[in-house]
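Comments concern the structure below.
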Amino acid sequence: MKYTKATLTRLEDVFAESDYALRYEKGQFRAGYCVLRDQRVVLVNTYFPLEGRINCLLDLIKALPDLKLDHLTPRSKTLVAEIRAEVRV
């Protein structure tokens, strides 16, 4: 996956279409992000560069099994399927 602003936007769209809220906040998260499952909020370190943000969102998409795909557009569903398929290879 390319590390471009367009890629970041596509990944952000997945969270916008799902039931999780994505926010960029200051913080000292060990993994670069924090998930508040009860509130369905994902916090990503605002100081991360573009590559770090993309990697965090990729990790989150792989790690969140309860990310609802039924509300996603076909383009976003395809992206999520590609990302999750990389894990199984």
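Numbering starts at 1 and runs along the sequence shown.
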Exercise for the section: Please collect all salt bridge (charged side-chain N to carboxylate O under 4.0 Å, His left out) contacts where either partner lies in residues 6-15, sequence neighbours excluded, each pair once. Expected result: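 Checked against salt bridge (charged side-chain N to carboxylate O under 4.0 Å, His left out) - neighbours excluded - no pair reaches residues 6-15.
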Practice task
Using atom types as modelled and distance alone, determine if a side-chain donor or acceptor of Glu17 lies under 3.5 Å from a backbone N or O of Thr73.
Solution key: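 The answer is yes, because a donor-acceptor pair under 3.5 Å joins these two groups.
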Problem - Check: Thr78 side chain, Pro74 main-chain N or O, donor-acceptor pair, under 3.5 Å - result: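 Between the backbone of Pro74 and the side chain of Thr78 there is a qualifying donor-acceptor contact (under 3.5 Å).
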[atom1]-[atom2] distance between [X] and [Y], expressed to the nearest 0.5 angstrom:
{"X": "Lys77", "Y": "His71", "atom1": "NZ", "atom2": "NE2", "result": "9.5 Å"}
{"X": "Ile83", "Y": "Leu11", "atom1": "CD1", "atom2": "CG", "result": "5.0 Å"}
{"X": "Leu43", "Y": "Arg23", "atom1": "CG", "atom2": "CZ", "result": "5.0 Å"}

Minimum heavy-atom distance between [X] and [Y], given as atom pair plus value:
{"X": "Lys68", "Y": "Ser18", "result": "O-CB, 4.2 Å"}
{"X": "Phe48", "Y": "Arg53", "result": "O-NE, 3.1 Å"}
{"X": "Tyr3", "Y": "Leu50", "result": "O-CD2, 3.6 Å"}

Problem - Transitive ILVMFWY side-chain link Leu69 to Leu57, under 4.5 Å - result: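 The answer is yes; both residues are in one hydrophobic cluster.
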Exercise for the section: Check whether any side-chain heavy atom of Val44 lies under 4.5 Å from a side-chain heavy atom of Phe15, and answer yes or no. Expected result: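 Result no, sub-4.5 Å side-chain heavy-atom pair not found.
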Exercise for the section: Name all residues meeting the salt bridge (charged side-chain N to carboxylate O under 4.0 Å, His left out) criterion together with Asp19; count only those two or more places apart in sequence or in a different chain, and write none if there are none. Expected result: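 Per chain and number, Asp19 pairs via salt bridge (charged side-chain N to carboxylate O under 4.0 Å, His left out) with Arg40.
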Practice task
Step by step, work out the side chain to side chain contact (heavy atoms under 4.5 Å, CB included) result for Leu67 and Val14.
Solution key: CA-CA 9 Å; Leu67 187 70; Val14 169; 4.2 Å; yes
Handout entry: Worked verdict on Leu79 versus Ile61 for side chain to side chain contact (heavy atoms under 4.5 Å, CB included)
Key = CA-CA 10 Å; Leu79 179 63; Ile61 290 173; 5.6 Å; no
